[in-house]
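Shown next, in structure tokens, is the structure this report addresses.
What you see is a predicted model; the values in this text were computed from it and never measured.
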Amino acid sequence: MLLSFWPLYKGDENYFIFEPLGEVFWEKLSQIRAVILPPFAPEFLYFFFKKAQIPVFPNLEPKFQFPGKLGAILLFHSLGLPTPKTILIPRLCGIEENPYRKFFLPSFPFVVKGNSGDEGSEVFLVKNEQDWKRVLNLLKAWELEGRFGFLLQEYLPSPFDARVIVIGKKRVIFFRKGGLRKNLVRGGEVIPPPSKELKAKALTLVKRLVEKTGLNHVAVDILFRETEPLLSELNYTFGRRLLGETTYQKMVHQAIEDFLAGLYKNG
């Protein structure tokens, strides 16, 4: 039996992702051959099926093992993949009250990123001491709200970045131009690849990431230090503006079909 929690793909049985689960569900557990989850599925549900040794699409393990922007940077380092020069700061007390060593800010300018903001909502360019004081006050306000973790990252003044959308076996790359935040919702604009070489390098880097992680539904954001692509962020849920909703749905359907075909092939 194929069980789907994702309205985008109908299974033999279909559940709302936040539906109550009780005895009727437990009785069916032994009949479930595979599970389809939306990319925003809760962690406990994903690992419940994994613990029961039931195959799940998509692969969300890296998302839960290395959460947020800080987790993504740690994941890239653990895999030996290039990423911008970054300082991870789990809490402000780590730089204000550290009993072992004094913290020194990197040279201006640098970029501050909150741990959980999406579509550029927690990204700031710090050009001087005054900018840093302003952002620091914001970080302190976030901590009072229970929002912890940020990073300081080297400023890369490239006029473009790239996003590679990975869905199943497919890779679709888009280059974008704009200001500090080049995503479309912040005024960015899609442009042709600056060169075939840069496009090939970016796709090769994402291929290495996918081979090492098994990711099959993710948008990978890439920054450039001159001609060197660097992994910046992972977005497990992402906007459809670049692909278009119809293309996105077709890609997801094909990815799930390939996932299921692989299960049947392996018995």
Notebook entry, point to check: Is Lys63 reaching over with its side chain to a backbone N or O of Pro39, donor-acceptor style, under 3.5 angstrom?
Noted result: yes
Item checked: Aromatic ring pairing Phe49/Phe25, orientation class (parallel under 30°, perpendicular over 60°, tilted between) -> perpendicular
Margin query: Is there a path of hydrophobic side-chain contacts, each under 4.5 Å between heavy atoms of I/L/V/M/F/W/Y residues, joining Ile32 to Trp26?
Written below: yes
Notebook entry, point to check: When you measure from the centre of the six-membered ring of Tyr248, is the NZ or CZ of Arg240 under 6.0 Å away and within 45° of the axis?
Noted result: yes
Next item on the list: Compare every heavy atom of Leu242 with every heavy atom of Val190, then report the nearest pair and how far apart it is.
Entry: CG2-CD2, 3.4 Å
Check: Do Arg225 and Glu154 meet the salt-bridge criterion of a basic N to acidic O distance under 4.0 Å?
Finding: yes
Note to self: To check you understand the geometry: which heavy-atom pair defines the closest contact between Phe66 and Gly71, and what is its length?
What the structure shows: CB-O, 3.2 Å
Item checked: Approximate separation, where rounding is to 0.5 Å, of Asn98 CG and Phe103 CZ -> 10.0 Å
Margin query: Surrounding CD of Glu226 (heavy atoms of other residues, nucleotides or ligands, distance under 6.0 Å), is the total greater than 12?
Written below: no
Checklist line | Nearest heavy atoms of Ile17 and Ala41, plus distance in Å | finding: CD1-CB, 3.9 Å
Notebook entry, point to check: To the nearest 0.5 Å, how far apart are OG1 in Thr246 and CG in Leu243?
Noted result: 11.0 Å
Note to self: Once rounded to the nearest 0.5 Å, what's the spacing between atom CG of Leu223 and atom OG1 of Thr83?
What the structure shows: 8.0 Å
Notebook entry, point to check: Say you draw a straight line from OG of Ser107 to OH of Tyr155; how long is it, rounded to the nearest 0.5 Å?
Noted result: 15.5 Å
Note to self: I'd like to know whether NZ of Lys199 has more than 12 heavy-atom contacts from other residues, nucleotides or ligands below 6.0 angstrom.
What the structure shows: no
Checklist line | Minimum-distance pair of heavy atoms, taken over all atoms of Gly114 and Lys69 | finding: O-CD, 3.0 Å
Margin query: Taking the basic N atoms (NZ, or NE/NH1/NH2) and the acidic carboxylate oxygens, is any pair closer than 4.0 Å for Glu143 and Lys140?
Written below: no
Next item on the list: Compare every heavy atom of Leu37 with every heavy atom of Pro58, then report the nearest pair and how far apart it is.
Entry: CD-O, 3.0 Å
Checklist line | Under 3.5 Å: donor-acceptor pair, side chain of Thr86, backbone of Pro84 | finding: yes
Check: With a 3.5 Å cut-off and no angle check, do the side chains of Ser232 and Lys113 form a donor-acceptor pair?
Finding: yes
Notebook entry, point to check: When the ring centroid of Phe108 is compared with that of Phe110, is the distance short of 6.0 Å?
Noted result: yes
Margin query: Could you tell me if the side chain of Phe5 sits less than 4.5 Å from the side chain of Pro38, heavy atoms only?
Written below: yes
Check: Testing Val218, Val164, Ile173 for side chain to side chain contact (heavy atoms under 4.5 Å, CB included) with Val206, which one passes?
Finding: Val164
Notebook entry, point to check: Would a 4.5 Å heavy-atom cut-off, applied to side chains only, mark Leu209 and Leu81 as touching?
Noted result: yes
Next item on the list: Working to the nearest 0.5 Å, report the span between CG of Leu3 and CG of Asn14.
Entry: 7.5 Å
Checklist line | Distance-only donor-acceptor check, side chains Asn59 and Tyr236, under 3.5 Å | finding: no
Notebook entry, point to check: What do the steps show when you test Ile256 against Ile36 for side chain to side chain contact (heavy atoms under 4.5 Å, CB included), and what is the final call?
Noted result: CA-CA 8 Å; Ile256 294 174; Ile36 309 301; 3.6 Å; yes
Note to self: So does Phe238 get a backbone contact from the side chain of Asn235, meaning a donor-acceptor N/O pair under 3.5 Å?
What the structure shows: no
Check: Shared ILVMFWY cluster between Leu29 and Val24, side chains joined below 4.5 angstrom?
Finding: no
Note to self: Membership question, hydrophobic clusters at under 4.5 Å side-chain separation (ILVMFWY): are Met1 and Phe16 in the same one?
What the structure shows: yes
Check: Checking side chain to side chain contact (heavy atoms under 4.5 Å, CB included) for the pair His217/Val252: CA distance, chi angles, key distance, verdict?
Finding: CA-CA 8 Å; His217 185 283; Val252 169; 4.3 Å; yes
Checklist line | Evaluation steps, side chain to side chain contact (heavy atoms under 4.5 Å, CB included), between Arg163 and Arg176 | finding: CA-CA 8 Å; Arg163 167 165 285 194; Arg176 306 173 295 190; 3.9 Å; yes
Next item on the list: Please report the C-alpha distance between Asp12 and Lys28 in whole Å, then the side-chain angles of each, then the deciding distance to 0.1 Å, and finally whether the salt bridge (charged side-chain N to carboxylate O under 4.0 Å, His left out) criterion is met.
Entry: CA-CA 12 Å; Asp12 300 312; Lys28 296 176 181 178; over 6 Å; no
Item checked: Electrostatic pair Arg147:Glu122 at N-O distance under 4.0 angstrom -> yes
Notebook entry, point to check: Does Leu144 belong to the same Ile/Leu/Val/Met/Phe/Trp/Tyr cluster as Leu139, with side-chain heavy atoms less than 4.5 Å apart forming each link?
Noted result: no
Check: With the 4.5 Å side-chain cut-off for hydrophobic clustering, are Ile54 and Phe44 part of the same group?
Finding: yes
Check: Under the side chain to side chain contact (heavy atoms under 4.5 Å, CB included) criterion, do Phe57 and Leu260 qualify, and how do the steps go?
Finding: CA-CA 9 Å; Phe57 180 94; Leu260 296 174; over 6 Å; no
Notebook entry, point to check: Between Lys170 and Asp258, is there a side-chain N and carboxylate O pair less than 4.0 Å apart?
Noted result: no
Margin query: Using side-chain heavy atoms (C-beta onward) and a distance below 4.5 Å, is Val166 in contact with Val172?
Written below: no
Margin query: I'd like to check Phe148 versus Leu92 (side-chain heavy atoms, cut-off strictly below 4.5 Å). Are they in contact?
Written below: no
Margin query: Measuring only between side-chain heavy atoms, which start at C-beta, is Phe160 closer than 4.5 Å to Pro194?
Written below: yes
Item checked: Aromatic ring proximity Phe64/Tyr46, centre distance under 6.0 Å -> yes
Check: CG of Asn115 to CZ of Phe150: how many Å apart, nearest 0.5 Å?
Finding: 10.5 Å
Item checked: Closest heavy-atom pair and its distance - Leu151, Gln153 -> CD1-CB, 3.8 Å
Notebook entry, point to check: Crowded around Glu129 CD? As in, over 12 foreign heavy atoms under 6.0 Å?
Noted result: yes
Item checked: Whether Phe124 and Trp142 hold their rings parallel, tilted or perpendicular, with breakpoints at 30° and 60° -> tilted
Note to self: Taking the cut-offs as 6.0 angstrom to the six-membered ring centre and 45 degrees off its axis, would you call Lys50 and Phe48 a cation-pi pair?
What the structure shows: no
Note to self: Using the ring centroid of each side chain, check whether Tyr9 and His253 are separated by less than 6.0 Å.
What the structure shows: yes
Next item on the list: Quickly, which of Ile87, Val135, Val126 forms a side chain to side chain contact (heavy atoms under 4.5 Å, CB included) with Leu152? Name it, please.
Entry: Ile87
Notebook entry, point to check: Are side-chain heavy atoms of Arg171 and Ile165 found at a separation under 4.5 Å?
Noted result: no
Notebook entry, point to check: Are Lys201 and Pro229 close enough that some pair of their side-chain heavy atoms sits under 4.5 Å apart?
Noted result: yes
Notebook entry, point to check: Is there side-chain contact between Leu88 and Ile73, with heavy atoms separated by less than 4.5 Å?
Noted result: yes
